[in-house]
Number of protein chains: 2
Amino acid sequence: MAEKVTIADVARAAGVSRQTVSNTLNTPEVVRAETRRRVLDVVEELGYRVNQAARQMRTGRSRLIAARIDPEQDGINGSVGDRFLHGLTETAAREGYRVLLYTADGDDAETAAFDDLLGAYEPDAFVLMATHHGDRRTSWLAERGVPFVTFGRAWSDPAAPHCWVDVDGAAGTEAATRHLLAQGHRRIGFLGWPEGSGVGDDRREGWRRALAEVGLGVTGLHRETEDDVAPGEHAARDLLDRDPGITALVCASDSLALGALHVARAPGPAWLAGGQSHRPVAVVGFDDTPVAKAIGLTSVRQPIAEVASSCLRLLATRLDGGAGAPPEYLLLPPSLVVRASG
Amino acid sequence: MAEKVTIADVARAAGVSRQTVSNTLNTPEVVRAETRRRVLDVVEELGYRVNQAARQMRTGRSRLIAARIDPEQDGINGSVGDRFLHGLTETAAREGYRVLLYTADGDDAETAAFDDLLGAYEPDAFVLMATHHGDRRTSWLAERGVPFVTFGRAWSDPAAPHCWVDVDGAAGTEAATRHLLAQGHRRIGFLGWPEGSGVGDDRREGWRRALAEVGLGVTGLHRETEDDVAPGEHAARDLLDRDPGITALVCASDSLALGALHVARAPGPAWLAGGQSHRPVAVVGFDDTPVAKAIGLTSVRQPIAEVASSCLRLLATRLDGGAGAPPEYLLLPPSLVVRASG
DNA sequence: TTCCCTAACTTGAACGATCAAATCATGCAT
DNA sequence: ATGCATGATTTGATCGTTCAAGTTAGGGAA
């Protein structure tokens, strides 16, 4: 059995009052150096650790950060969420916080989860992923004054009242496109998502920009479709059939890229369905998922660990004192992981 | 601002004492039906939710379950952990628990994390993944009487004092092997991990068993190597070169299977390194990771969601009353997901 | 009627920490 | 010597809940 050591035990053993122990731990500067030393020795000796529940009762702070865990979505792009959670957990521990998980399907279910969590466990803040236009979650939290950061910029509001951290997707596709241009490709297509999603539009914009920089247009060079392998394959086939001049494809995701590869490859391997032959086409994906690594797909990699630690740091500074600090926005650059596919 | 509703607020509004409110919520049978109704109405009306911290102080129970989140390991097999965490979180919510994350690298770091967590947040239980021979974590927890379940059987101890849930790996590879036999394959090789890991040995055993059942031996038909794509490719090439009669391979993981596919495929697609041609060989992997789905690899799928919910249910029943219940062991059957590779 | 028992509910204390206010020296200017 | 800041420490109250013991009302047996 674990013998519980309370602040009173430490106080008694050190010959001081509870409050002095509390002070040595929380506001050391108000305690005389000698006393501080003695108390810390006893703390060490008895193995005292502050009880979160009791502290939370008095201070109202739980030192918990809540984050959502998703079911692996399409199975391919899911890995981003997990890397993010891992990063959060690690940085949180360093800042004296812990990550509390919840699940929810859809914005409304998620705000309901907020409500539940706030009522019972009182997390100090939330970290949201995958923000989108008109995100109801952010307004819900903002209205109630609950601190939060988002991974994903505030698409609808250039001067959002909350912090966000995001990856510069356009810079990523721009780098990918330049990389292909440098290899001699001139007609470079784009496979993306239907217009209206901030992330998707941003990624398309980077591709467009890179082509525009060298005086190339984009008409007839892109297709928009649902984010999955089969639709990607379909769209790629359509695009390549219509425009035989295309020699490379930049994709908004690894799922789409994988679909494109099914088309792009010269006579397919026996274990892949289809096997329809086509001219070789370079393909670049987005997110550098495990699948990309496994099959040698060049892909844009988001610095997820940095995003996570930045999110947490922004929160921590605001929670630990700087409550009124103005919101900060961080846009991190992705990197291109070059492999055999392009 | 969120107006905090306390049990005293409810008591006042319902014209009863605090304790009666507490009783209606925790032991309804001791409260008169009419009173109960009235209290519940007020609870509803005011939106009262019990404050976990305060409850924890009094009862010593936090309703938190701690689980480790891993960095995506080799990037391919990582997805199992995430599916597991998701399952845990979902079932936990249903049972009135929440999942608290931590990270740790190695058994000793993990027991240190246990110590920290128990001191501060007092989780009611731990869920461990990937148990191995001589696991120091389980003994640490057991010595201190901390409740826990493991995903992964207690390899060293057939009558372990704690609950575990595991997937019958041998049954999985046995099914895979039978599937290949049914397709007419006679010489079926196995790609696995070095002897000594419970999981790896178990998976090899299923393959051996299936062959033995039809009177086939296994000498010269298997290779053991580190769990990654490149070693898998190497071992597969070696195995197939030495024994030209082999027409199929069962693998202990999707990573190894992917390596095997690099060898097994008839002339490789342009975007894959190597491209050395070989006769077609059927390949079956293990874990049904996103990569398997993406490239059409037949694979043994573990029922991770069921494992997670079972783990949590075992814990929950023991935490909520049945503390002295004898440990239960659950061995769940995997299933074979057949795709183009075999 | 008196007494006891039980069901239903209430009261006071406690969990372990921190906040706010009180106490106690100590030094320094008046 | 008196008064008064200032620094260091202590005391009492409090956060919201549940436990343990206490109270009250109503019934039935003696």
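Below, read A as the first sequence line, B as the second, and so on, with proteins coming before strands; counting in each chain starts at 1.
Counting non-hydrogen atoms of neighbouring residues, nucleotides and ligands closer than 6.0 angstrom, the CD atom of Glu29(B) exceeds 12 such neighbours. More than 12 heavy atoms of other residues, nucleotides or ligands sit less than 6.0 Å from atom CZ of Arg61(A).
Using a 4.0 Å cut-off between a side-chain N of Lys or Arg and a carboxylate O of Asp or Glu, Glu328(A) and Arg318(A) qualify as a salt bridge. Using a 4.0 Å cut-off between charged side-chain N and carboxylate O, Asp41(B) and Arg38(B) make no salt bridge. Asp115(A) has no carboxylate O lying under 4.0 Å from a charged side-chain N of Arg144(A), or vice versa, which leaves the two without a salt bridge.
Contacts between residues 44-65 of chain A and DNA chain D, defined by a heavy-atom separation under 4.0 Å, are made by Met57(A), Arg58(A). For residues 17-32 of chain B, proximity to DNA chain C is found at Ser17(B), Arg18(B), Gln19(B), Thr20(B), Val31(B), Arg32(B), defined as any non-hydrogen atom under 4.0 angstrom from a strand atom.
To the nearest 0.5 Å, atom CG of residue Leu141(A) and atom CD of residue Glu110(A) are 8.5 Å apart.
Side chain of Asp166(A) to backbone of Leu331(A): no donor-acceptor contact under 3.5 angstrom is found. A donor-acceptor pair under 3.5 Å is formed between the side chain of Arg36(A) and the backbone N or O of Val31(A). Under the 3.5 Å distance criterion, the side-chain polar atoms of Ser156(B) are matched with a main-chain donor or acceptor of Gly134(B).
Atom C1' of nucleotide dA8(C) and atom CZ of Arg37(B) are separated by 18 Å, given to the nearest angstrom. Ile7(B) places its CD1 atom 14 Å from the P atom of dT11(C), with the value rounded to the nearest Å. The nearest whole Å value for the distance from the CZ atom in Arg36(A) to the P atom in dG7(D) is 14 Å. One interatomic measurement links the two molecules: NZ of Lys4(B) to C1' of dC15(D), which rounds to 7 Å at whole-angstrom precision.
Shown are Arg98(B), Arg49(B), Lys4(B); of these, the salt bridge (charged side-chain N to carboxylate O under 4.0 Å, His left out) with Glu122(A) is made only by Lys4(B). Tested against Phe126(B) for a ring-ring contact (aromatic ring centres under 6.0 Å, His included), the candidates Trp140(B), Tyr121(B), Phe114(B), Phe151(B) yield a single pass: Phe114(B).
One finds a side-chain N or O of Thr35(A) lying less than 4.0 angstrom from the OP1 or OP2 phosphate oxygen of dT9(D).
Taken over five-pair windows at either terminus, the axes of the helix from dT1(C)-dA30(D) to dT30(C)-dA1(D) are inclined to one another by 70° (rounded to 10 degrees).
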